[in-house]
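Here the structure is laid out as structure tokens; the discussion comes afterwards.
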Amino acid sequence: QVQLVESGGALVQTGDSLRLSCAASGRIFSIAARGWFRQAPGKEREFVAAITWSGDNTDYADSVKGRFTISRDNAKNTVYLQMDSLKPEDTAVYYCAARRIPRISTIMSGYDYWGQGTQVTVSS
């Protein structure tokens, strides 16, 4: 099994920056691509960003392109989500995900493991 633990969520103001982390443990040799999703109150969980195992390819939701950056440190088994220029509409629970396949996926069913989530609240 693989365990994913997110951290870094907080209450911030519009325009602030925040960095989320997701540490993996357990059978980490079985995971490859990693992703971030988010779920706002009353809405479905949506794709935010994803990265391949090597880090040479990334993908972002249109709503966060140019503001969010996903990266990973395989030596630490950790993936990061740097969030800049935060907006109130970025308020959500952010979930880390991992899949056994190296290619990126932008859909929830494409991931095998999930974290418990971390709350990000952006006040106006």
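Annotation: Tyr95 is not in aromatic contact with Phe37 [ring centroid separation under 6.0 Å not met].
Between Arg100 and Asp112 there is a salt bridge, with a side-chain nitrogen of the basic residue lying less than 4.0 Å from a carboxylate oxygen of the acidic one. Salt-bridge annotation for Lys65 and Asp62: present, with a side-chain N of the basic residue lying under 4.0 Å from a carboxylate O of the acidic one.
Here the shortest heavy-atom pairing between Ser105 and Ala50 reads O-CB, 3.9 Å. Ala92 and Ala40 make their closest contact through CB-N, 3.8 Å (heavy atoms, listed as atom of the first residue, atom of the second, distance). Pro102 and Ala33 make their closest contact through O-CB, 3.4 Å (heavy atoms, listed as atom of the first residue, atom of the second, distance). Residue Cys96 comes nearest to Leu4 through the heavy atom pair O-CD1, 3.8 Å, listed as atom of the first residue, atom of the second, then distance.
To the nearest 0.5 Å, atoms CZ (Arg67) and CD (Gln82) are separated by 12.0 Å. Rounded to the nearest 0.5 angstrom, Ser21 OG and Lys76 NZ are separated by 9.0 Å.
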Q.
Could you go through Ser17 and Asp84, starting from their C-alpha distance and side-chain angles, then the distance that decides it, and tell me whether this counts as side-chain hydrogen bond (donor to acceptor under 3.5 Å, both in side chains)?
A. CA-CA 4 Å; Ser17 296; Asp84 299 321; 2.8 Å; yes
Q | side chain to side chain contact (heavy atoms under 4.5 Å, CB included) between Cys22 and Val5, worked out | A | CA-CA 5 Å; Cys22 175; Val5 179; over 6 Å; no
Q: Could you check Gln1 against Tyr113 for side chain to side chain contact (heavy atoms under 4.5 Å, CB included), going step by step and ending with a plain yes or no?
A: CA-CA 9 Å; Gln1 267 293 13; Tyr113 307 102; 3.2 Å; yes
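Side-chain heavy-atom separations under 4.5 angstrom define the hydrophobic clusters, and the remaining members of the one that includes Ile70 are Val12, Leu18, Leu20, Trp36, Val48, Ile51, Tyr60, Val64, Phe68, Val79, Leu81, Met83, Leu86, Tyr94, Val120, Val122.
Counting only distance, with no hydrogens or angles, the side chain of Thr118 and the backbone of Gly9 share a donor-acceptor pair below 3.5 Å.
Geometrically, Arg99 does not engage Trp53 in a cation-pi contact defined by less than 6.0 Å to the ring centre and at most 45° from the axis.
Counting non-hydrogen atoms of other residues, nucleotides and ligands closer than 6.0 Å to CD of Gln13 gives a total of 12 or fewer.
For the pair Arg45/Trp114, a side-chain contact is recorded, criterion being any heavy-atom separation below 4.5 Å from C-beta on. Side chains of Thr14 and Ser124 form a contact here, defined as non-hydrogen atoms less than 4.5 Å apart.
The residue from Glu46, Glu44, Glu6 that alone fulfils the salt bridge (Lys or Arg N to Asp or Glu O under 4.0 Å) condition with Arg38 is Glu46.
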